[in-house]
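Written out below as structure tokens is the structure these notes cover.
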Amino acid sequence: MARNMQSYENLQHRIYECVGEYGIPLLEPTKFEKCEFIGFNYCRTCKEKAGKGVHFFLDDYQFNRLWNQPNRYLPILQQFRYVMTPDFSMYTDFPKIIQIYNHYRKHWIGAYLQENGVDVIPTISWSTPDSYEWCFDGEPTNGTVAVSSVGTQKNKRAKELFIQGYQEMVRRLEPETIIFYGNVPEECMGNIVHVRAFQEKFKEAKCNGW
């Protein structure tokens, strides 16, 4: 009885159909209609949820609570038009097992939201080319995906890794729509919907007289 009351990485809630060597929950594709996106950290205070989407292009500490207590935030997220999967970090210097764990967590949350009626947009992320062996597992093809270039354009190597991964994503997933958060490098092709990052908006406001 005590065992059944404990938390086992959310497995006490649900175990999903999985794919790939590491058992990643599978997501269904989503069609996209234009909407405004807000960060997960503004979900509670947002007054007009129905016409907006939620993104997780934030520091991990701002949304780890969703993984820790998914049922607490489910009623809030169900009110939004779209919810992206959490962008748990996959830094190139993270141990491989942590990167895979974060990919798994992203997909478990996505599958849980889909099962409970939320239109989920998969957030796609990768690290080095070695991650291509598993980082696209569970992602739907021919649907809508989301990516972020924030923090990837600061040096030559980081930009190269981003462009390579982006091109691999397009090749493997053939997305119908790509929601792009942050600056769009000229090498990135596809049906892109550009969402300006907060940093870009702040710089624009500052240039306009702050």
Subject >> Verdict with reasoning, Met84 to Ile179, per side-chain contact (heavy atoms from CB on, under 4.5 Å) >> reply: CA-CA 10 Å; Met84 294 183 187; Ile179 300 173; 3.8 Å; yes
**OP:** Run the numbers on Ile38 and Phe80 for side-chain contact (heavy atoms from CB on, under 4.5 Å), then give the verdict.
**Re:** CA-CA 10 Å; Ile38 64 170; Phe80 286 89; 3.8 Å; yes
**OP:** Report the C-alpha distance between Glu187 and Lys159 in whole Å, list the side-chain angles of each, state the deciding distance to 0.1 Å, and finish with yes or no for side-chain contact (heavy atoms from CB on, under 4.5 Å).
**Re:** CA-CA 10 Å; Glu187 298 91 338; Lys159 183 173 182 178; 4.0 Å; yes
**OP:** Show your working on side-chain contact (heavy atoms from CB on, under 4.5 Å) between Glu139 and Leu27 and close with a plain yes or no.
**Re:** CA-CA 6 Å; Glu139 309 292 7; Leu27 300 181; 4.3 Å; yes
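Asn102 and Arg105 share a donor-acceptor pair across their side chains, judged by distance under 3.5 Å alone. Side-chain polar atoms of Glu9 and Tyr104 form no donor-acceptor pair below 3.5 angstrom.
Checked by atom type and distance alone, the side chain of Asn183 never pairs as donor or acceptor with a backbone atom of Ser149 at under 3.5 Å. At distances below 3.5 Å, not a single donor-acceptor pair connects side-chain atoms of Asp59 with backbone N or O atoms of Gln62. Between the Trp108 side chain and the Arg14 main chain, a donor and an acceptor come within less than 3.5 Å of each other. The backbone N or O of Asp137 sits less than 3.5 Å from a side-chain atom of His103, completing a donor-acceptor pair. A donor-acceptor contact shorter than 3.5 Å links the side chain of Gln12 to the backbone of Tyr8. Side chain of Thr30 to backbone of Ile121: no donor-acceptor contact under 3.5 angstrom is found. Looking at Gln99, its side chain never comes within 3.5 Å of a backbone N or O of Ser131 through a donor-acceptor pair. With hydrogens and angles disregarded, a donor-acceptor distance shorter than 3.5 Å links the side chain of Thr123 to the backbone of Thr85. The backbone N or O of Tyr181 lies less than 3.5 Å from no partner atom in the side chain of His194, so there is not a single donor-acceptor pair.
In this structure, Ile97 is a member of the same hydrophobic cluster as Phe94, with clusters built from ILVMFWY side-chain heavy atoms closer than 4.5 Å. Follow the hydrophobic side-chain contacts under 4.5 Å out from Leu113 and you never reach Val19; the two are in separate clusters. Under the 4.5 Å side-chain heavy-atom criterion for ILVMFWY residues, no single connected hydrophobic cluster contains both Tyr91 and Val150. Connection of Leu161 to Met90 is not established within any shared hydrophobic cluster, with ILVMFWY side chains joined at heavy-atom distances below 4.5 Å, either directly or through further cluster members. A single hydrophobic cluster is not seen to contain both Tyr61 and Phe57; linkage of ILVMFWY side chains at heavy-atom distances under 4.5 Å, directly or through other members, places them apart.
In this structure, Val147 belongs to a hydrophobic cluster whose other members, linked by side-chain heavy atoms under 4.5 Å apart, are Ile124, Trp126, Tyr132, Phe136, Val145, Phe162, Ile163, Tyr166, Met169, Val170, Leu173, Ile178, Phe180, Val184, Ile192.
The CD atom of Glu17 sits 13.5 Å away from the CD1 atom of Ile15 when rounded to the nearest 0.5 Å. Distance check, rounded to the nearest 0.5 Å: CD1 of Ile98 to CG of Asp93 gives 12.0 Å. Separating the CD atom in Gln79 from the CD atom in Glu48 is a distance of 12.5 Å, to the nearest 0.5 Å. The OH atom of Tyr16 sits 9.5 Å away from the CD atom of Gln114 when rounded to the nearest 0.5 Å. Rounding to the nearest 0.5 angstrom, the gap separating the NE2 atom in His55 from the OH atom in Tyr42 is 9.0 Å. Rounding to the nearest 0.5 angstrom, the gap separating the CG atom in Leu66 from the CG atom in Leu74 is 9.0 Å.
For the pair Lys49 and Cys43, the tightest heavy-atom approach, listed with the atom from each and the gap, is CE-O, 3.2 Å. Nearest heavy atom pair, residue Ser89 against residue Asp60, reads OG-OD1, 2.8 Å. Residue Phe32 comes nearest to Val193 through the heavy atom pair CE2-CG2, 4.0 Å, listed as atom of the first residue, atom of the second, then distance. In this structure, Gln78 and Asn116 approach most closely via the heavy-atom pair NE2-O, 2.9 Å. Ile24 and Gly138 get closest at one heavy-atom pair: CG2-CA, 4.4 Å. The nearest pair of heavy atoms linking Cys35 to Gly53 is SG-N, 3.7 Å.
Ring centers of Phe88 and Phe56: at least 6.0 Å apart, outside the cut-off. Between Tyr73 and Phe40, the ring centre distance stays below 6.0 Å.
Remark: Arg81 pairs with Glu33, Asp119 by the salt bridge (Lys or Arg N to Asp or Glu O under 4.0 Å) rule, at least two apart or across chains.
A 4.5 Å side-chain heavy-atom check between Asn142 and Glu176 finds every atom pair outside the cut-off. Counting only heavy atoms from C-beta outward, the side chains of Ser125 and Lys106 approach each other to under 4.5 Å. Side-chain contact check for Cys135 versus Ser127: every heavy-atom pair is 4.5 Å or farther apart.
Taking the six-membered ring where tryptophan is involved, the planes of Tyr112 and His13 are tilted, since the angle between them lies from 30° to 60°.
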